[in-house]
Amino acid sequence: MLIFDSGIGGISILKNIKKKLPNKNYIYLLDNKEFPYGEKKESFIIKRSIKIINKIINLYPIQIVVIACNTVSTISLHILKKKFNIPIVGVLPSLDQAMKITQNKKVGIIATKATIKSSYVKNIISKYTNHMNIEVIATNELARIAEKKIRKISFSNFELKKIFYPWMILAVQPDTIYLGCTHFSFLKNEIQNIFYKPINFLDSYTNTTKIVKKYFLNIKNSQNIKKNVFLYSKYNKNLDKLLYILKKYKFNDFKKINLN
Ligand code: DGL
């Protein structure tokens with residue numbers, strides 16, 4: 001199984017997959033050279049994801065690809081599924097659950113700028129605009145803050161408040177927030193703390209994990225990769241700060257991969 005993201009967001013997906021499928025091996029590709037994807041053009045995201053999958057399936061016996069990134073999934077999942085013969089699963093935002101649980105009919109969706117601009121997200125928003133009030137924040141800063149938190153680099157509450165300011169000044173604030181970027185799951189507590197009332201947080205990994213689990217239940221002989229491999233597209237000192245969290249995921253190999 002290949003799991004990839006521009007950064008540590010995909011670790012939130014890996015964590016859940018690992019809970020359900022503790023014995024499966026995986027390759028995690030951290031495309032940190034191109035972080036943040038949220039600032040990139042759609043054409044770049046599509047080309048980059050094709051390049052990543054092509055490269056990895058030529059190097060490893062991958063059976064399934066997990067795009068652990070909402071930005072890539074909303075923009076290119078449909079294209080990748082057509083292009084490749086292997087199963088590809090993404091993380092796609094949905095407001096169905098939000099619609100069911102919101103009490104005040106005020107729901108927030110926050111994601112990267114590229115995700116919010118995508119026609120996938122525009123469509124899911126227009127599906128519900130007649131049924132509830134949807135507030136949107138497009139930010140590339142929140143993923144940066146998540147990268148800092150994971151590396152134990154300090155960040156100020158002010159940075160967070162600035163991002164959520166448009167919702168903080170509303171007379172009626174959302175009671176349900178859809179976290180449309182895999183990085184944001186690491187910041188649930190911090191986001192909760194800047195609101196005065198309890199928030200229902202939703203994200204997409206439960207569904208992604210279910211699909212991956214179902215796939216492995218249906219195939220025999222499912223262990224093709226012999227060890228867990230961590231690949232990164234650029235070396236910098238910041239990478240060392242991730243080692244403590246990566247330890248939990250028992251990677252046997254750490255390597256730089258050339259994606260040029
Ligand atoms: N983790 C990502 C997502 O789910 C990408 C963040 C970024 O690189 O901008 O959208």
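Indexing begins at 1, ligand by ligand and atom by atom, following the structure's order.
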For ligand 1, what N or O to protein N or O distances fall under 3.5 Å?
residue: ligand 1; atom: 1 (N); partner: Asp5; partner atom: OD1; Å: 3.0
residue: ligand 1; atom: 1 (N); partner: Asp5; partner atom: OD2; Å: 3.1
residue: ligand 1; atom: 1 (N); partner: Thr182; partner atom: OG1; Å: 2.9
residue: ligand 1; atom: 1 (N); partner: His183; partner atom: ND1; Å: 2.7
residue: ligand 1; atom: 4 (O); partner: Asn70; partner atom: N; Å: 2.8
residue: ligand 1; atom: 4 (O); partner: Asn70; partner atom: ND2; Å: 3.4
residue: ligand 1; atom: 4 (O); partner: Thr182; partner atom: N; Å: 2.9
residue: ligand 1; atom: 4 (O); partner: Thr182; partner atom: OG1; Å: 3.2
residue: ligand 1; atom: 8 (O); partner: Ser6; partner atom: OG; Å: 2.5
residue: ligand 1; atom: 8 (O); partner: Tyr37; partner atom: N; Å: 2.6
residue: ligand 1; atom: 9 (O); partner: Tyr37; partner atom: N; Å: 3.2
residue: ligand 1; atom: 9 (O); partner: Gly38; partner atom: N; Å: 2.8
residue: ligand 1; atom: 10 (O); partner: Thr71; partner atom: N; Å: 3.1
residue: ligand 1; atom: 10 (O); partner: Thr71; partner atom: OG1; Å: 2.5

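With 3.5 Å as the limit, one finds a donor-acceptor pair spanning the side chains of Asp175 and Thr102.
Side-chain contacts under 4.5 Å among hydrophobic residues (ILVMFWY), followed directly or transitively, place Tyr165 together with Ile169.
A donor-acceptor pair under 3.5 Å is formed between the side chain of Tyr28 and the backbone N or O of Ile11.
Sorted by first and then second residue, the pairs that involve residues 32-83 and meet ring pair (Phe, Tyr, Trp, His ring centres under 6.0 Å), not counting sequence neighbours, are Phe35-His183.
A cation-pi arrangement is present between Lys24 and Phe216 under the rule of less than 6.0 angstrom and at most 45 degrees off the ring axis.
In this structure, the ring-ring contact (aromatic ring centres under 6.0 Å, His included) partners of Tyr26, at least two apart in sequence or on a different chain, are Phe251.
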